[in-house]
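Just so it is clear: chains get the letters A, B, ... in the order the sequence lines come, proteins before strands, and each one is counted from 1.
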Amino acid sequence: MNPLFFSRLLDFTVQKMKTVFLDLLIHFYGALLCLYPQRFRAEFEDEMRAVFSQSLEQAAKQGILSLADTILRECFDAPLTLLRVHRFNWRAKEKATSDSIAGFSPVPGFSLPPPSPDGRESWMQAGLEISLFLSTGAILILVSYLPLTWPGAGWQRNLGIIGAAIALLPVPGLLAGLVSGLPRWAYPFGGILLGYSVLVAIRFGLLPFLAAFLLASVLLAVVAAVVNSRVRPLPPLLRRMGQSVGSDPSRLSFCVYGVMPLMVIMAYDDAHCNNRTPYFAISVLLMVAGALAYVRSRQTVVQTTALLGGMSLSLWCALLDQAAFMGGLGPWVSSPGPWLAGIGWMLRLWASMTALIAAPFLIGLARRALAPGRGA
Amino acid sequence: MSRTQPRVSELLPLREPTFLILLSLAPGKKHGYAILKDVKEISRRKVRLSTGTLYEALARLLDQGLIERVFDGEADVDDPQKGQNHPGRPRKAYRLTKNGRRVLEAETKRMRSLIAIAQRRLGEKGA
């Protein structure tokens, strides 16, 4: 046999083994890269693998000692580097979270799914968002206009029962909304429950306690969110809620508008049962129409106008009904006392609702006017 | 990664690998492997960065706005195997930003003043 053949065969074998060994090392390094944070890998994985491969090939050319030195250096540096990269990544996340809490702004690329679509995009979604108004409106109209021959007739004249039913039925809706990260359809459910709590508190003289409780809860939640965000990122569900409010402050107006079914009952007192005029049905329809116009509108000013319009027209209908009822009772021109009291009460209710619905829009306007760099 | 622009004074003194990476990028843009080789050469083989250490530092420097990434095939001036790993894909190179150059100059000035003090004191001691 030719000794040159053996020499070449040996060279070939060594070369092949070296290539296989280097390939194995590169694969091993690729597996090691999986330990780095995902965002870091997405940005640098390919480059790191390429640079490691080049370093290995260069070291292999310089001999076994240089190769061993390169491999050992990578192995010894890896744990510390991993720790430093994870710490860096964690701090970047923490900063992004605290920024998002401070401004209630969505954080791009921060693993939050895009906000859920709302009623502007589909009629199905619009139906879901006004479901509270549709269902309570249907209940109110059925109760008001069907003859009082049902079993236990008379219960529908009891405002306490109707109010409690209308206010407590949305509890499952609100819970489902909270679990889903507070999409837009959940806001009216929160609004009607809050409104019912306020009414009950007024009835039993507990309004200061309720106000203090709500204020303390909101303050505690804000402090907890800010303090917690310095320690670790907030859970995605809470971030979704912040995103939900921050992305569209008019949702707070929609939340206030959720009280409308209770407002309509209050505005008509028990007139919807013993004085069945068309006004009540018109009020309910206007309430639903206002909500529908809101969910289908795109501009904040149109949305706010829709809510204010729905609420105002609905309450003005009640005012007309009351005027017609009072006028029928007696000479209100000569003795306007009770009539004026009723009108005054309705106007106060209307003014309060107007202020609450318009507040988020006006605050948004003021923030934009005071924002630095405007007009520069 | 979030981009922040800290002030120059907040970043000083630099760690040795960071200083050497910035110094390596002072003449112009380079890709990762060229930086590794240059750092070894600048430090006279005293500092040899692992791939992980290099990219951890690059990520931090990118975040601080001291360097920026450019996609340029011509960046591989020191690499004989240019473009072999991912043929057809533009390779990523890094270069100093204006702020990075300011930080590098400030660090050099700081080191120069330290050396002046050291020389003066050693001279005083020797006199």
Side-chain angles (χ1 to χ4, degrees), chain A residues 25-26 29-30 32-33 35-59 61-62 66 69-100 107-110, chain B residues 1-6 15 17-18 21 24 30-41 45-65 67-73 75-76 78-94:
Chain A
L25 282 174
I26 292 167
Y29 189 74
L32 189 72
L33 288 177
L35 299 175
Y36 284 91
Q38 195 178 3
R39 294 168 73 200
F40 185 85
R41 277 204 334 260
E43 212 166 338
F44 298 111
E45 186 173 7
D46 286 349
E47 276 184 84
M48 288 177 78
R49 199 193 291 262
V51 168
F52 178 72
S53 157
Q54 282 177 295
S55 302
L56 274 190
E57 284 166 15
Q58 195 64 26
K61 283 179 191 164
Q62 292 169 356
S66 179
D69 178 53
T70 304
I71 294 168
L72 287 175
R73 194 171 57 248
E74 292 289 348
C75 290
F76 284 127
D77 273 6
L80 200 60
T81 307
L82 273 172
L83 275 179
R84 282 203 297 252
V85 169
H86 275 286
R87 191 181 61 174
F88 173 70
N89 189 59
W90 185 66
R91 283 184 177 174
K93 269 188 182 177
E94 185 190 299
K95 185 177 179 306
T97 309
S98 59
D99 285 353
S100 79
V107 185
F110 190 43
Chain B
M1 310 279 173
S2 60
R3 297 284 190 271
T4 53
Q5 289 284 331
R15 286 192 300 146
T18 309
I21 290 170
S24 165
K30 280 192 181 72
H31 63 84
Y33 184 63
I35 298 172
L36 270 189
K37 288 206 312 183
D38 203 32
V39 164
K40 193 161 80 173
E41 196 179 312
R45 303 179 70 83
K46 296 284 183 208
V47 177
R48 285 188 290 176
L49 301 175
S50 68
T51 315
T53 309
L54 172 70
Y55 278 93
E56 182 263 321
L58 289 178
R60 191 165 32 81
L61 292 171
L62 279 171
D63 187 65
Q64 290 169 337
I67 62 171
E68 61 190 354
R69 191 149 43 183
V70 285
F71 293 87
D72 187 353
D76 307 63
D78 298 328
D79 182 10
Q81 299 172 330
K82 173 172 142 184
Q84 274 189 5
N85 293 299
H86 298 286
R89 184 188 291 189
R91 299 200 64 184
K92 292 165 189 169
Y94 300 89

Open item on the list: Can you tell me which portion of A:Tyr36 sits under 4.5 Å from chain B's heavy atoms? Options are side chain, backbone, both or neither.
Closed with: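 The answer is the side chain of A:Tyr36.
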
Open item on the list: Out of B:Leu36, B:Leu58, B:Thr53, B:Thr51, return the one with the most heavy atom pairs under 4.5 angstrom to chain A.
Closed with: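 Ranked by heavy-atom pairs under 4.5 Å with chain A, first place is B:Thr51.
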
TODO: Using a strict cut-off of less than 4.0 Å between a Lys/Arg side-chain nitrogen and an Asp/Glu carboxylate oxygen, indicate whether B:Arg60 and B:Glu56 qualify as a salt bridge.
DONE: yes

TODO: May I ask you to say whether A:Arg39 pairs ionically with A:Glu43, meaning some side-chain N is under 4.0 Å from a carboxylate O?
DONE: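 A:Glu43 and A:Arg39: not salt-bridged.
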
Task: Partner chain B: residue of A:Thr70, A:Asp69, A:Leu33 with the largest heavy-atom pair count (under 4.5 Å) - done: A:Asp69

Task: Within 6.0 angstrom of B:Arg15 CZ, more than 12 heavy atoms from elsewhere - done: yes

Open item on the list: Looking at A:Gln62, I'd like to know if its CD atom is crowded, meaning that more than 12 non-hydrogen atoms belonging to other residues, nucleotides or ligands lie closer than 6.0 Å.
Closed with: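 For A:Gln62, atom CD is crowded (more than 12 foreign heavy atoms under 6.0 Å).
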
